[in-house]
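Step one of this worksheet: look at the structure below.
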Amino acid sequence: TKNANWVAWHLTKEHTTGPWSRDGIPYSVDTDVNGARQELEDWFGNNLPIDHGHMCPAGDNKWSEDAMVQTFLLTNMCPQNSALNRGDWEELESRCRGWANHYGEVYIVCGPIFYSQNYKTIGDNKVGVPDAFYKVVLRMGKKPQALGFIYPNDGTHHKMNYYVLSVDDVESRTGIDFFYNLPEDIENEVESSSNLSRWLYG
C-alpha cells in the first residue's frame with residue numbers, strides 16, 4: 001500500500017509544545033526506504049479530497065527542529081480525507097497532547113486500515129488510500145489506562161466517543177498486538193477498557 005503499517009511515539013509533557021513551526025517545511029521522500037515507496041509526484045494531480053495525513057502529527061514535534069522536519073517524510077504520510085484530517089482527527093491529536101500535559105506522558109500508536117484489496121490509489125506508485133485509521137493511547141502511572149479509536153477515512157463528523165473502542169477491538173481489526181511488553185495482567189486489563197470518561201483532559 002506504500003503506507004506505514006504503524007507509527008509509534010512517546011509523547012511527554014515537555015514535547016507538547018515548543019518554538020518550532022511547520023511553516024515552510026516541505027514534504028520529502030524517505031530515502032532510507034529501498035524499493036517500493038511513496039514519491040512526491042504521487043500526490044500531484046489526483047481528484048480525491050485528500051491531504052497528506054500525518055500519522056505522528058507535526059503538533060507533537062514543535063520541541064525539536066529535526067523532529068519537526070522528520071514528520072514531513074512521506075513514510076509518515078497516509079492519504080487522508082481532508083475533512084477528517086482537519087476535523088475529527090485533528091481533535092484527537094489535540095486531545096492526546098492534552099492528556100500528555102495532564103498525565104505527564106502517553107504512548108501512542110496509529111496507522112491505516114485497509115478492509116480489502118479493492119482500495120483506491122493515488123499516483124504512479126499506487127499509494128493506497130486507507131479505508132480507516134486507528135489510534136491507540138496508553139498512559140501508565142498508578143492506574144494504567146488505554147483507549148482505542150477507529151476513524152473512517154471520510155468526511156463525516158461525530159463526537160469523539162463515537163470512535164472509541166477498546167485496544168482489544170483495534171487489535172482484532174488490525175492484527176497488531178499493541179503494548180505486549182506490559183505485564184500480562186496489566187495488558188489484559190487496560191486493553192479491554194473503552195471508557196473515555198476515565199481520561200481527564202488538562
Under a single-linkage definition using a 4.5 Å side-chain heavy-atom cutoff for Ile, Leu, Val, Met, Phe, Trp and Tyr, are [X] and [Y] assigned to the same hydrophobic cluster?
X	Y	answer
V136	V7	no
V106	W89	yes
L196	L138	no
I150	F179	yes
I113	V109	yes

* To do: Test N3 against V127 for side-chain contact (heavy atoms from CB on, under 4.5 Å), laying out the working first.
  => CA-CA 7 Å; N3 288 242; V127 179; 3.9 Å; yes

* Structure fact -> Only one of F133, Y163, Y134, Y162 passes ring pair (Phe, Tyr, Trp, His ring centres under 6.0 Å) with Y151, and that residue is Y163

* To do: Take atom CH2 of W9 as the centre, draw a 6.0 Å sphere, and report whether it contains more than 12 heavy atoms from other residues, nucleotides or ligands.
  => yes

* In terms of heavy-atom contacts, does CG of D124 have more than 12 from other residues, nucleotides or ligands at under 6.0 Å? -> no

* Hey, mind stepping through M160 and L92 against side-chain contact (heavy atoms from CB on, under 4.5 Å) and telling me if it holds? -> CA-CA 8 Å; M160 186 172 292; L92 178 57; 4.2 Å; yes

Can you check whether [X] reaches [Y] side chain to side chain, under 4.5 Å on heavy atoms?
X	Y	answer
L182	M140	yes
R37	V29	yes
K2	D42	no
V137	C96	yes
P57	T71	no
H54	R22	yes
V167	V190	no
F149	V164	yes

Is there a donor-acceptor pair under 3.5 Å between the side chain of [X] and the backbone N or O of [Y]?
X	Y	answer
D30	L74	no
Q145	R198	no
D154	N81	no
N85	Q80	no
E171	F178	yes
N188	D185	no
D131	Y115	yes
S94	E91	no

* To do: For the pair E93 and K135, evaluate side-chain contact (heavy atoms from CB on, under 4.5 Å) and give the outcome as yes or no after the intermediate values.
  => CA-CA 10 Å; E93 293 174 339; K135 182 168 283 188; 3.7 Å; yes

Heavy atoms only: give me the nearest [X]-[Y] pair and the separation to one decimal.
X	Y	answer
P79	P130	O-CD, 3.3 Å
G111	M55	CA-SD, 3.8 Å
P152	A132	CA-CB, 4.0 Å
S166	S194	N-CB, 3.4 Å
C56	N61	SG-ND2, 3.4 Å

Measuring from atom [atom1] of [X] to atom [atom2] of [Y], what distance do you get when rounded to the nearest 0.5 angstrom?
X	Y	atom1	atom2	value
E65	W20	CD	CH2	4.0 Å
D51	S82	CG	OG	3.5 Å
T16	E105	OG1	CD	12.5 Å
W63	M68	CH2	CE	10.5 Å
L48	W43	CG	CH2	10.5 Å
Q38	I122	CD	CD1	7.0 Å

* To do: Identify, with sequence neighbours excluded, every residue that meets ring-ring contact (aromatic ring centres under 6.0 Å, His included) alongside Y27.
  => H52, F72

* To do: Please lay out, stage by stage, how K143 and E189 fare under the test salt bridge (Lys or Arg N to Asp or Glu O under 4.0 Å).
  => CA-CA 10 Å; K143 184 64 174 176; E189 180 177 356; 2.9 Å; yes

* **Verdict with reasoning, H15 to D60, per side chain to side chain donor-acceptor pair (under 3.5 Å)** => CA-CA 6 Å; H15 286 179; D60 287 9; over 6 Å; no

* What do the steps show when you test R97 against L11 for side-chain contact (heavy atoms from CB on, under 4.5 Å), and what is the final call? -> CA-CA 8 Å; R97 288 189 286 274; L11 182 59; 4.0 Å; yes

